[in-house]
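In what follows, every chain begins at residue 1, and chains take the letters A, B, ... in the order their sequences are listed. A quick note: this is a predicted structure, and the numbers were derived from the prediction, not measured.
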Amino acid sequence: MTFLEHLTPSDETGMIRDAADKWAAGISDADVRRSGGFAPGRWSEMAAMGWHGLLADPDHGGLGLGPDALSLLCQAIGRARLPEPFVASSVVCVGTLTALGQDVTALVDGSAIAAPAGFGLPCDGGPSGVTATAGAEGHNLSDMIDICESGPDTSEFLVATAGGDGLFRLPRSTPGLTITHYGAIDGRNLARLSFDGPVPADALIATGDAARAAIRRGTTLAVSALAADATGTIEKATELTTAYLDERSQFGKPLAAFQSLRHMVADLLVELEASRSMAELAAFAASDDGDPKHLHDRVRARICRAAQSVGQNAIQLHGGMGMTDEMAIGHYFRRLIFLQAMMGQEAGALRDRATTLARDIEMQREVAQ
Amino acid sequence: MTFLEHLTPSDETGMIRDAADKWAAGISDADVRRSGGFAPGRWSEMAAMGWHGLLADPDHGGLGLGPDALSLLCQAIGRARLPEPFVASSVVCVGTLTALGQDVTALVDGSAIAAPAGFGLPCDGGPSGVTATAGAEGHNLSDMIDICESGPDTSEFLVATAGGDGLFRLPRSTPGLTITHYGAIDGRNLARLSFDGPVPADALIATGDAARAAIRRGTTLAVSALAADATGTIEKATELTTAYLDERSQFGKPLAAFQSLRHMVADLLVELEASRSMAELAAFAASDDGDPKHLHDRVRARICRAAQSVGQNAIQLHGGMGMTDEMAIGHYFRRLIFLQAMMGQEAGALRDRATTLARDIEMQREVAQ
Amino acid sequence: MPEVRDHDHGAPAEERDHIDLLLDDDLRAFRRDVRAFLRGAVPEETRNRIDRGYAATKSEIADFLAKLSARGWTAPAWPVEYGGTGWTQLQRMVFSSELARNAVPGIPPFGVSMIGPVLYTFGTQAQKDTYLPGILSGKDFWCQGFSEPGSGSDLASLRTRAEDRGDHYLLNGQKIWTSKAHYADRIFLLARTDEAPRKQGGISMFVLDMDTPGITVKPIIAIDMNHSLNEVFFEDVKVPVDGLVGERGKGWNYAKFLLGNERTGITNVGRCRRQVERLKRLARADLTPGVDLSKDGAFLRDLARVEADLTALEITEIRILSQGKNGPSAMTGPSVLKLASAQIQQTLAELIVSTLGLYAAGRGAGFVDAFDDIGDLPSDFVDGALNEYLFGRSVSIYGGTNQIQRDILARSALETRP
Amino acid sequence: MPEVRDHDHGAPAEERDHIDLLLDDDLRAFRRDVRAFLRGAVPEETRNRIDRGYAATKSEIADFLAKLSARGWTAPAWPVEYGGTGWTQLQRMVFSSELARNAVPGIPPFGVSMIGPVLYTFGTQAQKDTYLPGILSGKDFWCQGFSEPGSGSDLASLRTRAEDRGDHYLLNGQKIWTSKAHYADRIFLLARTDEAPRKQGGISMFVLDMDTPGITVKPIIAIDMNHSLNEVFFEDVKVPVDGLVGERGKGWNYAKFLLGNERTGITNVGRCRRQVERLKRLARADLTPGVDLSKDGAFLRDLARVEADLTALEITEIRILSQGKNGPSAMTGPSVLKLASAQIQQTLAELIVSTLGLYAAGRGAGFVDAFDDIGDLPSDFVDGALNEYLFGRSVSIYGGTNQIQRDILARSALETRP
């Protein structure tokens, strides 16, 4: 597929987008607040529409679609700022497991929820890994994973070992696994995982190159989904802000009549278009099995900056009202903070890209000499 | 002297300021354009007011004043964007030579003009140094100095060797010294110096620690003078811009009535105040013989950024007219580019400061362990 | 001039800064006294919590104010006759910087910096006698009723009314953004007493007790999910006649007087200096594997840049306080300070959050409980940093948004009126 | 989809970019053909000068246009019946990007992109016959007479008048910012033919020869100290009746049509991509002793950030050109592109100048003569970079300032009219 073709959604992809937009538009801000970190009803509705299996093979009840459709769906999820672990379970875990030919039927039908640990979310994996040493009947796992997107409803974990040369699939009830729950800045559920002890032999589902390829696939899908989620969030934050400016008055005229505020709105739109472009690029670059890191680092960096800039300026444009929990905008702001952390922050993404650029420059220096 | 006392100019310093302001205000933009890189008449007038000897001992006809008075004078020079090598000759060379007890009478009375080479201007010394090897009757100098603020009227050079452990005082006619003139971006005179051959034994006026201390003094005075020059330039650029906005109309109202342009003006004022503060700090920190590098790196960085921001935004606020050589603003813009280069650019100044900060952090790490 | 030398590397981080270099020996000794007092006056646990970005509790503030008051330092800027210290401007700057540098609770501005000066300048003798002692002793907590829903930065459009009923005014209306109203004992507020051709006319200032019947306080939870702001409702509240401050209809003038005092006190350079030290500490915390921030040119440049900004701000503040000939004018100075300091405070908070990397994803008590420490940092350091980042977005909003400050500055430099 | 892979490190820098990754095999082959043609068509010396930031001379442009014309590639976007190539939007984007990537003189926009489409869309048969061939062959150089002193971004306030004298219009007035007027053969311009209640009414568009009596061209030296802009004075200039374009009084519509074409052509992504490569080369030039920029995290972050911005801009341009459902609208797209590209172009020029360090102090022919090279760079690289930085300040001014673009965008998103 060329990029131009990619820009024109297929009929099937278009249907996903329309359904997602319609469904998400029916979810009110109050609904989302009420549900806390997870609404079982919404998870079931998503299952009914087949979305948990978007990336899964038809054999496992999946739709067999790709990053294009995923991107549109995640934009709708971002717009509605749904807190469910869709990216964690239905994108990273389903995508990774599908790449390994694993059974994902329970994840697809919504009866199970999985969480990636040590890879994918955050998309640079995070600061601690789990070490596995071969034991008598399987492996002994030890060490901690500080950030894992999982809540009380999570039924299984997909755990990457440090270095990425092993991938374990572990049920929640695995002995030696301690789960400490805490909340994310945007209200969703997170946990710290601690491993200590042996796990059954069949828990190790991939090793070596196969594990690394599957982890890379999960990470690629995560970047693409997070970019789309952030783009939807930015889009909605922009809309909330323009509506507020049109509605509220100060000094006897609508806020939207002040040129300085109008120009800040213009900058929101520029950031939004940059995000949309990067979300398109992220999805396109994720459309095969290659490693799009050289593009995805730029996507992460640019979208993190847009998220930062739009979040902060949307609050500023709301004035004092933007500081209140009552207004939706603060919730979108916090979601954008969460998404930046998951994408490694602009500084981290640029650092990753800079490492590659430094290598390029070094190679050119050698060629020139 | 405390900083608070420093902020209240002495009577003598106040007189310098008033005289400089009055004199500079009488010089029109057309005068400055006409004179190219150097106006002998202005140089003589400055001599008559004693300014070339501002820093020199009364023994050599100097006023024996310090960085405070210098700062106010250089701000006036910046406002009028005078192209004469005042900082080069009357600040860096006179200051350095005075610190070494050298005769500066001819520089003070304006009959001679000196240029520092390899130190002071640019204030981080520049990329090439001169090497000196002891010979039969003095030293052999070799290598190039790319940027030296000197024109056809320069009568002598104060040359630092690479590493700063030797300081030579050389007349223009020194054999083996080749001077290639070129112009600066702001119209003043620059030259590339090339050394090849022996110089008389008495040309070496300081070595070792004495040379390094004198060079440091010259550099300290240079930073203080450049900061003041830039502040004056920024102040005038701001005034030209506000006057233009009040005067010109578009879409049926004065440009100054547009809130977006008004807010850009506000940002000019914030930058101007930051520059003024840094110019004060630079002068205060230069008021004794210590090494104020830890403060001066910040001064250079902050003023370079102000120069960049004010220069660019002043052009933008002038619109198309700002792009023409006819308007004064473009000339101020180019002078600010010159001054940034002389201060080592914001990036360079921050890099210098970052080196110190990294050392601080490392030491704190050791203390903590 | 004192010798200008580089940091004394051996000393604890918070001891060292370059303001010291700008002071003479007397001021440096004064500074040491203040520091010693403050550290003795506030338990280390409290100072740690505040340092990490959490708000002081009411009892922590009350304890601190009691000790300050015993020392006679509650209201340094007040005239000596009313209980001030007689310090110079620079002493006051040093004192205020030390409050932040030592992470003590801070002196709530509403009594000491805001209504106090209004009362001793414009109030009746009875008002001075009634209200000033409670402010000085730290016993009375005050809050400010200026903003109203829909008025925001446009204070003059307020709609709360105080109807003259002879022996009292009858107050009806609503205030918003009332910081600490939920534990304030008294309130000062603006209300419309007369219709007037100019919007600013007909506004008067009142002081009254928060337990006056008819007052309801409703919390506003902020985007940091904490409660410090409130709405305050007035329903047929009877304000005694002697609750009127100064002349009726001149409330707008007193408010401008009061806000002018506020704007010079908001640079927060002490806290900023502390944040710079926190960033250095973060560079040693190894939060992201494989990344040594102390060798990362990009991080170090951010740090160096904000440090240079802060240095310029500190000098600008001194220039304004010294009222030197070449300082910014009384009209533009506060706006310059507010814009520059908002920028610096927000940049610092943002750099800290960025440097937290993925740990910026988690927040709240559950997060703090789940971690003993993160890298070399206590987990509440992370949680507090997010607190400060979130609530710190208000720095460019309250007391006149950045946009309002730019309007003010532009008016000073341009002849054209918009 | 093509395999997404990283740069082919062995290839020369300008061969490599990620646009390639977005193309299919046919487009990649097309791109190679275009590149081969362009490099054959323009002497390397010319390409070097242009690459270093100097403007192409008239004869260099004319030589290039003659070769382009022989190949039939002067006006790719025109309908085939008028001499266009029939290429797709993406082919045209690739072509235009290759012009910049290969530092060839570029196709002056005034004939091909501006007046040409107006003439074949709204002009008479006689106008088409008279003017289009000269544009296609590259023989006729055009210039644009829109802006006037005091009108700037406010085109509708123009004061040049064309009085209807029956067999001709009598033209009086003045134009400004007329790029290349000093070597143009023809001009198209806007003039007021009738008074009208709305400012935009009563404006007509004309085409005429620059050697018509009564036209005087006066150079404007720009802040880069070069001459490319002019003022053009019209004193009783007789414009033949058939110089009127389309309908009288509809000049404003044609101008909007024409400027819409201009705004999509100004992203300069090809040049920007080349500037990114120049920055990498600068990192290897060792201009500042003791500083290896290729290991300087701060420099690398600047480079990575602007590269990410540029990538986003490239995709946004493709989204607009593909006219996909989810692209920015025809109303907002050009303004988004112009704001983003101005930012990127100016940032790149600024980074380059900053990286030149102290060498940014010198400039002009004397400077170039005084140095053979600087570090690993030819001295005219430095001089040209300053050229480009200075003149590049106009990118956020011409064709509607950044402020005007923001006004346009705000209008699209807000219901309130200012």
Nearest heavy-atom contact between C:Arg319 and B:Glu273 is NH2-OE1, 3.0 Å
Side chains of C:Leu409 and B:Val270: does their closest heavy-atom pair fall under 4.5 Å?
-> yes
Could you tell me which portion of C:Gln343 (side chain, backbone, both or neither) has an atom closer than 4.5 angstrom to a non-hydrogen atom of chain B?
-> neither
Proximal component of B:Gln259, with respect to chain C [non-hydrogen, under 4.5 Å] | side chain
Of all the heavy-atom pairs spanning B:Arg353 and C:Ala304, show the shortest one and how long it is.
-> CG-CB, 3.8 Å
Any chance you could measure B:Leu269, atom CG, to C:Ile408, atom CD1, to the nearest 0.5 Å?
-> 12.5 Å
Portion of C:Ser412 that has a non-hydrogen atom of chain B nearer than 4.5 angstrom = side chain
If you count heavy-atom pairs under 4.5 Å between each of B:Met278, B:Glu346, B:Arg365 and chain C, which one has the most?
-> B:Arg365
For B:Glu239, is it the side chain, the backbone, both or neither that has a heavy atom under 4.5 Å from a heavy atom of chain C?
-> neither
Separation between CE (B:Met363) and NZ (C:Lys280), nearest 0.5 Å, reads 11.5 Å
By a 4.5 Å heavy-atom criterion (distance strictly below it), what part of C:Leu414 contacts chain B: side chain, backbone, both, or neither?
-> both
Identify the two heavy atoms, one from B:Ser277 and one from C:Ile315, that lie closest to each other, and give their separation to 0.1 Å.
-> O-CG2, 3.4 Å
Nearest heavy atoms of B:Asp246 and C:Glu415, plus distance in Å = OD2-N, 2.7 Å
Minimal non-hydrogen separation, C:Thr416 against B:Ala257, with atom names = CG2-N, 4.0 Å
Find the distance between CD1 (C:Ile320) and CG (B:Leu7) and round it off to the nearest 0.5 Å.
-> 11.5 Å
Given that the side chain runs from C-beta out, which part of C:Asp302 has a heavy atom under 4.5 Å from chain B: side chain, backbone, both or neither?
-> neither
Does any non-hydrogen side-chain atom of C:Asp407 lie less than 4.5 Å from one of B:His263?
-> yes
Do B:Gln364 and C:Arg281 come within less than 4.5 Å of each other through their side chains, counting heavy atoms only?
-> no
Compare every heavy atom of B:Thr242 with every heavy atom of C:Ala413, then report the nearest pair and how far apart it is.
-> O-CB, 3.7 Å
Roughly how far, to the nearest 0.5 Å, is CG of B:Asp360 from CD of C:Glu277?
-> 8.0 Å
Among side-chain atoms of C:Thr311 and B:Arg302, is any donor-acceptor pair under 3.5 angstrom?
-> no
Let me know if C:Leu303 has heavy atoms under 4.5 Å from chain B in its side chain, its backbone, both or neither.
-> both
For B:Asp267 and C:Arg406, run salt bridge (charged side-chain N to carboxylate O under 4.0 Å, His left out): C-alpha distance rounded to whole Å, both residues' side-chain angles, the deciding distance at 0.1 Å, then the answer.
-> CA-CA 7 Å; B:Asp267 290 337; C:Arg406 289 198 178 94; 2.8 Å; yes
Proximity of residues 347-357 of chain C to chain B, residues having a non-hydrogen atom under 4.5 angstrom = none
Among C:Thr316, C:Asp309, C:Thr88, residue most engaged with chain B (heavy-atom pairs, under 4.5 Å) = C:Asp309
Say you draw a straight line from NE2 of B:His6 to CD1 of C:Ile318; how long is it, rounded to the nearest 0.5 Å?
-> 10.5 Å
Can you tell which part of B:Arg305 gets under 4.5 Å to a heavy atom of chain C, answering side chain, backbone, both or neither?
-> side chain
